[in-house]
Amino acid sequence: MKNIFKAEITEELIDRINRLNPDTQPIWGKMKVDQMLAHCAVAYEMAFTDKHPKPNALMRFLLKTFVKNGVVNEKPYPRNARTAPVFIISDRRDFEREKNQLITYLRKTQKFGEDHFEGKESPSFGPMTAQEWNNLFYKHLDHHLTQFGV
């Protein structure tokens with residue numbers, strides 16, 4: 001898995017994002033490109049903000065026990081996999097604003113680096129290693145950029 005904390009990988013992802021435009025169509029799935037960008041930003045919002053409520057103790061236990069490994073391992077996501085409700089973006093968004101926000105989160109993640117993420121708590125999965133954070137961020141974004149052909 002590529003290391004999102006390395007500047008060259010961050011720039012590679014940003015280059016892929018910059019190849020998108022408001023009319024880019026998905027190869028699979030139902031999301032529009034603006035919704036996909038907003039959807040991808042949710043993972044970063046959960047890492048950097050309190051915008052999304054923390055799941056209750058039972059839900060956290062279930063997520064950590066049954067979902068975490070599939071999210072943080074290196075196995076690619078299957079097409080059309082189910083997503084958590086917090087990641088569902090049903091309304092249309094401003095393409096440029098969502099694109100710029102996602103790029104800002106990527107640069108912030110890379111600047112903070114691995115040390116910042118080592119042991120950092122995920123609202124859903126509890127404390128995670130920097131490698132788990134890397135896999136979560138990179139795998140998810142790569143999946144959706146591939147979905148949109150970039």
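Index from 1, following the sequence.
Pairs passing the side-chain hydrogen bond (donor to acceptor under 3.5 Å, both in side chains) check and including a residue from residues 106-126, sequence neighbours excluded, read Asn3-Glu114, Glu11-Arg107, Lys54-Glu121, Arg60-Glu121.
Tyr44 and Ile89 fall into different hydrophobic clusters, where Ile, Leu, Val, Met, Phe, Trp and Tyr are joined by side-chain heavy atoms under 4.5 Å apart, directly or via other members. Grouping the Ile, Leu, Val, Met, Phe, Trp and Tyr side chains by contacts below 4.5 angstrom, directly or via other members, places Val42 apart from Val67. When the side chains of ILVMFWY residues are joined at heavy-atom separations under 4.5 Å, either directly or via intervening members, Met31 and Val86 end up in two distinct hydrophobic clusters. Hydrophobic clustering places Ile9 together with Leu102 (ILVMFWY residues linked when any side-chain heavy atoms are closer than 4.5 Å, directly or through intermediates). Cluster annotation: Leu145 is connected to Val71 through the hydrophobic network of ILVMFWY side chains, with a link wherever side-chain heavy atoms come within less than 4.5 Å.
Annotation: the span from His39 atom NE2 to Leu141 atom CG amounts to 10.0 Å, rounded to 0.5 Å. Summarising the geometry, atom CG belonging to Asn80 is positioned 8.0 Å from atom NZ belonging to Lys30; distances are rounded to the nearest 0.5 Å. The line from CG of Asp50 to CD of Glu45 is 11.5 Å long, rounded to the nearest 0.5 Å. Put simply, CE on Met128 and CG on Asn135 are 9.0 Å apart, with the number rounded to the nearest 0.5 Å. Rounded to the nearest 0.5 Å, atoms NZ (Lys99) and SG (Cys40) are 14.5 Å apart. In this structure, NZ on Lys75 lies 10.0 Å from CG on Asn69, to the nearest 0.5 angstrom.
In this structure, Lys68 and Glu132 have side chains that are in contact, with non-hydrogen atoms separated by less than 4.5 Å.
Minimum interatomic distance between Pro22 and Val33 (heavy atoms only, all atoms of both residues): O-CG1, 3.6 Å. For the pair Leu20 and Phe148, the tightest heavy-atom approach, listed with the atom from each and the gap, is CD2-CB, 3.8 Å. What you find for Ala47 and Phe137 is that their closest heavy atoms are CB-CZ, 3.9 Å. Nearest heavy-atom pair across Tyr138 and Ile4 is N-CD1, 4.2 Å.
Remark: the Lys139 side chain and the Asn73 side chain contain an N/O donor-acceptor pair separated by less than 3.5 Å.
Taking the six-membered ring where tryptophan is involved, the planes of His144 and His140 are perpendicular, since the angle between them exceeds 60° and thus also 30°. In this structure, Phe48 and Phe117 have perpendicular ring planes: the angle between them is above 60°, well past the 30° mark. Taking the six-membered ring where the residue is Trp, His143 and Tyr77 present perpendicular rings, their angle passing 60° and hence far from 30°.
Residue Arg92 places its CZ atom among more than 12 non-hydrogen atoms of other residues, nucleotides or ligands, all under 6.0 Å distant. Atom CE of Met1 is surrounded by more than 12 heavy atoms from other residues, nucleotides or ligands within 6.0 Å.
In the hydrophobic clustering (ILVMFWY side chains linked at under 4.5 Å, chained through shared members), Trp28 is joined by Ile27.
Side chain of Glu98 to main chain of Arg93: no donor-acceptor pair is present (N/O by atom type, distance under 3.5 Å, no hydrogens or angles).
Across Ile17, Asp15, Asn21, a single residue satisfies side chain to side chain contact (heavy atoms under 4.5 Å, CB included) together with Arg19, and that is Asp15.
The pair Arg97-Asp34 does not count as a salt bridge, with every side-chain nitrogen at least 4.0 angstrom from each carboxylate oxygen.
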Intermediate values then yes/no, side-chain contact (heavy atoms from CB on, under 4.5 Å), Lys2 and Leu13: CA-CA 10 Å; Lys2 292 186 179 182; Leu13 289 167; over 6 Å; no
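Phe95 is linked by a ring pair (Phe, Tyr, Trp, His ring centres under 6.0 Å) to nothing, counting only residues two or more places apart in sequence or in another chain.
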